[in-house]
Amino acid sequence: MRYPCLSILGAALLARPSVASAADGARLNGNPPVEGASASSSVGERAAQLYREGNKFYDEAKFVEAEARYQAAWDLQKSFDVAGNLGNVELELKQAREAAEHLAYALEAFPLGERAEKRQFLKDRLAQAKSQVGTLRISVNVDNAEVFVDGKLIGLSPLQGEVFVDPGKRDIEARRAGARTSTSLLVARGSDQNIALSLDTGPSIPLVVAGGAVGLLGIASGVTFAFLSTSQGEYADGEPRHSQERAELRRTQTTFANLSFWSFVGSGVVLAGTAVYVFSTSSRAPSPHAGLTGFRAVPLVTSEVAGMLVGASF
């Protein structure tokens, strides 16, 4: 069945070009001219001419030529009527996905005051287009992520409105700051699906810095206490055996040694926890045969050296 220039919509557009012409696109969309009145007027006049040519070709059943004129008018100036006519002729040419996109735009930008018959006509044509494609509602857990369908960028999250795709296997991907996630799905004609993508944004940098700083402070404290313990031991060795001074120095040496030990233990726990957090929240998943399978942190305090033995197996 042929729809003569959008039937209800097209006839009204031809009869009343001042109300719904391509030249009125800025008013219908509520967008002011960008490059000044003269430039906008010139663009609007050219878009209106292309729109009228598209209507003429449509009435002559020359849908390919009509689609080319409507597309050129759309490229110059976007408006609900151009989108509606373009989507309608694309549906005639079996370009259902493109038709759905333009018809959805026409409904979204449909101005107040226009007749309900026009809106209903657009809704009916959109329903026809959607019955031939898949409709996706794609959400991402973070904002400003690039969203791709079959490798083509379709926008940044959060996406507004529906995404129309051709039936078949489709690959959906989201990317942001080096992190990415993807999924594949089979899309049937007329299907309507919600797709939720969860993007791992990686570890919190302030938390990692804080964990590293606390761990390093613990190591520094352990080294300092170990040095003090060693010094107290050397002083004790210089005192007479069984003297009160020697006993006091030995007690102080033991206190500093315990402080050193627990400082190393605490720093080891903090650093190990920070490392586990970084690995577990990394946006790049390790290979199946790689990973941190063992981690050991053992304090080492002697009269000659103080430190911590750290070992890991991969």
Side-chain angles (χ1 to χ4, degrees), residues 139-146 157-158 173-183 196-314:
S139 62
V140 186
N141 64 323
V142 295
D143 291 343
N144 297 318
E146 295 179 323
S157 63
E173 182 180 12
R175 306 175 190 169
R176 198 189 82 164
R180 64 178 59 194
T181 186
S182 62
T183 186
L197 298 176
S198 181
L199 194 62
D200 182 2
T201 57
S204 169
I205 299 302
L207 187 59
V208 173
V209 171
V214 171
L216 292 176
L217 180 61
I219 292 176
S221 299
V223 171
T224 301
F225 289 132
F227 175 78
L228 293 174
S229 175
T230 301
S231 298
Q232 293 298 304
E234 292 175 351
Y235 294 149
D237 291 340
E239 296 294 333
R241 289 180 180 275
H242 308 298
S243 65
Q244 183 66 27
E245 291 78 4
R246 184 185 182 99
E248 288 291 339
L249 289 170
R250 289 300 183 194
R251 281 193 292 271
T252 304
Q253 178 188 13
T254 301
T255 299
F256 283 137
N258 289 332
L259 289 173
S260 175
F261 175 84
W262 289 112
S263 294
F264 283 126
V265 169
S267 65
V269 170
V270 171
L271 291 175
T274 303
V276 170
Y277 169 72
V278 170
F279 282 122
S280 64
T281 58
S282 174
S283 60
R284 293 176 176 82
S287 66
H289 304 293
L292 185 64
T293 58
F295 184 88
R296 298 180 301 278
V298 180
L300 176 64
V301 180
T302 70
S303 60
E304 297 180 353
V305 66
M308 183 170 59
L309 294 177
V310 179
S313 57
F314 298 86

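It should be emphasised that the depicted structure is a prediction, and the values quoted were computed from it without experimental measurement. Here, residue 1 is the first one in the sequence, and each next residue gets the next number.
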Is Ser157 reaching over with its side chain to a backbone N or O of Val142, donor-acceptor style, under 3.5 angstrom?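 Between the backbone of Val142 and the side chain of Ser157 there is a qualifying donor-acceptor contact (under 3.5 Å).
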State the [atom1]-[atom2] distance between [X] and [Y], to the nearest 0.5 angstrom.
X	Y	atom1	atom2	value
Arg250	Thr255	CZ	OG1	13.0 Å
Gln253	Thr230	CD	OG1	7.5 Å
Leu199	Glu173	CG	CD	9.5 Å
Leu259	Thr224	CG	OG1	11.0 Å
Ser260	Ile219	OG	CD1	11.0 Å
Ser243	Glu248	OG	CD	10.0 Å

Looking at side-chain heavy atoms only, is the closest gap between [X] and [Y] below 4.5 Å?
X	Y	answer
Arg246	Asp237	yes
Phe225	Ser229	no
Ser267	Leu216	no

Which atoms form the tightest heavy-atom contact between [X] and [Y], and what is the distance?
X	Y	result
Pro158	Asp143	CD-OD1, 3.5 Å
Ala145	Val140	CB-CG1, 4.1 Å
Phe264	Val223	CZ-N, 3.5 Å
Leu197	Ala174	CD1-CB, 3.7 Å

